[in-house]
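Only a predicted model underlies this, so the values are computations on that prediction, with no experimental measurement involved. Residue numbers start from 1 in every chain, and the chains themselves are labelled A, B, ... in the order their sequence lines are given, proteins ahead of strands.
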Protein chains: 2
Amino acid sequence: MTQVRRSAQQAAVPPSTVARLPGYLRALDELASAGVTTTSSDELARAAGVGPAQLRKDLSYLGSYGRRGVGYDVAHLAEQVGVVLGLRVERRVVIVGIGYLGHALASYSGFAERGFAVVALVDVDEAVVGTLVGGLVVEPFDELARVVAATGATIGVIATPAAAAQDVCDALVAAGVGGILTFAPRALRTPAHVDVRAVDVASELQILAFHDTRRQVPGA
Amino acid sequence: MTQVRRSAQQAAVPPSTVARLPGYLRALDELASAGVTTTSSDELARAAGVGPAQLRKDLSYLGSYGRRGVGYDVAHLAEQVGVVLGLRVERRVVIVGIGYLGHALASYSGFAERGFAVVALVDVDEAVVGTLVGGLVVEPFDELARVVAATGATIGVIATPAAAAQDVCDALVAAGVGGILTFAPRALRTPAHVDVRAVDVASELQILAFHDTRRQVPGA
DNA sequence: TAGATTGTTAATCGATTAACAATC
DNA sequence: TAGATTGTTAATCGATTAACAATC
């Protein structure tokens, strides 16, 4: 048991596989909406935008949920992927920073549809605190710890300017959240037991610009 | 020359390295702002949140921009990384879908700071078309091709609901953009010459939920 | 049974890490 | 020169892909 962070259930699911599971779940939901009840690795892979071999390999880490010669039951597989992702337990989210982005996130219906409840909004700006956004009253930043404790939020979202990100991050960690999703373009320092995912839209554009260059300027 | 998409310049930069370059650029800008003029792979790696060996390996694909025993000139290295990413040419961006998210993106100052000009906003909703957002007048969706041609946009951002994403994507491709950044939770089909990057915030939360589960429910 | 499709194995490929010779 | 730090090589590691035996 010197192995770092390994669940007791089955063999570990590799990170690259975990990162693709939400896409499979999305594709399964789309198929279900279209009335499809049984699917194949070929069909599901196409819907998710990956190769069929990769899909089967990924699913094999979760267990054996298909039937040879037949395929996968859409509803059953979706349920199992949901279980593995931990979506059968309600996940509560607190959003810090209620600017345009925070507004967008607080109002986004896609969260509820995919297993998340936004339970609190927090901001430092006195002009924003107390206003109603997406059905919630914005709380002051210095109440963060209390708000997290009171709501049972386990995931924090940072939607503040980059300059404030590390302080907000520290406060979220101190308040006891286990995972952080940050939109601020800055590397965050966190203890090892806190999971961080970063979305940086300008970085995404820069990666697109790289390929754009290769395409437009072949020689120089 | 049967090799697919390979630039004529130097040896290809691996995708995983390209994806980290924006982070290095960010870290370099932070160091420069702090008055640092020379840095080491150790210092820069720490600022960017990666290991020093990985940083040096990544930079080695771009060329030799450091000096042994001394380190890297911050300004010079930032310039070179910018060149490789294609940021010395102005990149023009059109945003489709001006809801909360589109608003947030249109108003985001971080784009301009990092080499991008938002040159056009487009929406289908008649109530939104004609309004002023972030200093730009929102154009009707059926004008997309004309707007892209007139502004010279080469990158399209999709900030619409998932149901509209594929149609918007097709229209952007038809209009001639070379890269697409989508926030809609749906796999997009595009021709091979168009580069797509997808940001799905609910998927990010689901990945966090996976680790949350491992932590909170060790046994079952 | 014959046909279809999974789950798994093995081979390939790419990415990361560590170590160190080159060199400032 | 002695100390520092890069750039590169080689070793390790993990991820992807292809092929096919198992089996419905």
How long is the line joining [atom1] of [X] and [atom2] of [N], in whole Å?
X	N	atom1	atom2	value
B:K57	D:dA10	NZ	P	11 Å
A:D73	D:dC24	CG	C1'	15 Å
A:L62	C:dT8	CG	P	11 Å

| Should B:R26 and A:D200 count as an ion pair when the cut-off is N to O under 4.0 Å? |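 A:D200 and B:R26: salt-bridged.
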| query | Salt-bridged, B:D29 to B:R114, with N to O below 4.0 Å? | reply |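 Here B:D29 does not pair with B:R114 in a salt bridge, since their nearest N and O are not under 4.0 Å apart.
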| remark: Taking for A:A53 and for B:S64 the nucleotide of DNA chain D with the nearest heavy atom, the one nearer the 5' end belongs to B:S64
| So which of residues 25-52 of chain A are in contact with DNA chain C, with a heavy-atom cut-off of under 4.0 Å? | A:S40, A:S41
| task | Check whether any side-chain N or O of B:D123 sits under 3.5 Å from a backbone N or O of B:I98 as a donor-acceptor pair, and report yes or no. | result |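 The answer is yes, because a donor-acceptor pair under 3.5 Å joins these two groups.
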| So what does B:R56 hit on the nucleic acid, given a heavy-atom distance under 4.0 Å: a base, only sugar-phosphate, or nothing? | base
| Can you list the stems that include DNA chain C, where a stem is three or more consecutive Watson-Crick or G-U pairs with distances under 3.5 Å? |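 Stem list for DNA chain C: C:3-24 with D:3-24.
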Please enumerate all protein N or O atoms sitting under 3.5 Å from an N or O of nucleotides 12-15 of chain C, with distances to 0.1 Å.
from	atom 1	to	atom 2	distance (Å)
C:dA15	O5'	B:S16	OG	3.2

| said: Taking atom types as they are modelled, would you say the side chain of A:R68 forms a donor-acceptor pair with the base of C:dT6 within the 3.5 Å cutoff? | reply: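 Per atom types, the contact qualifies.
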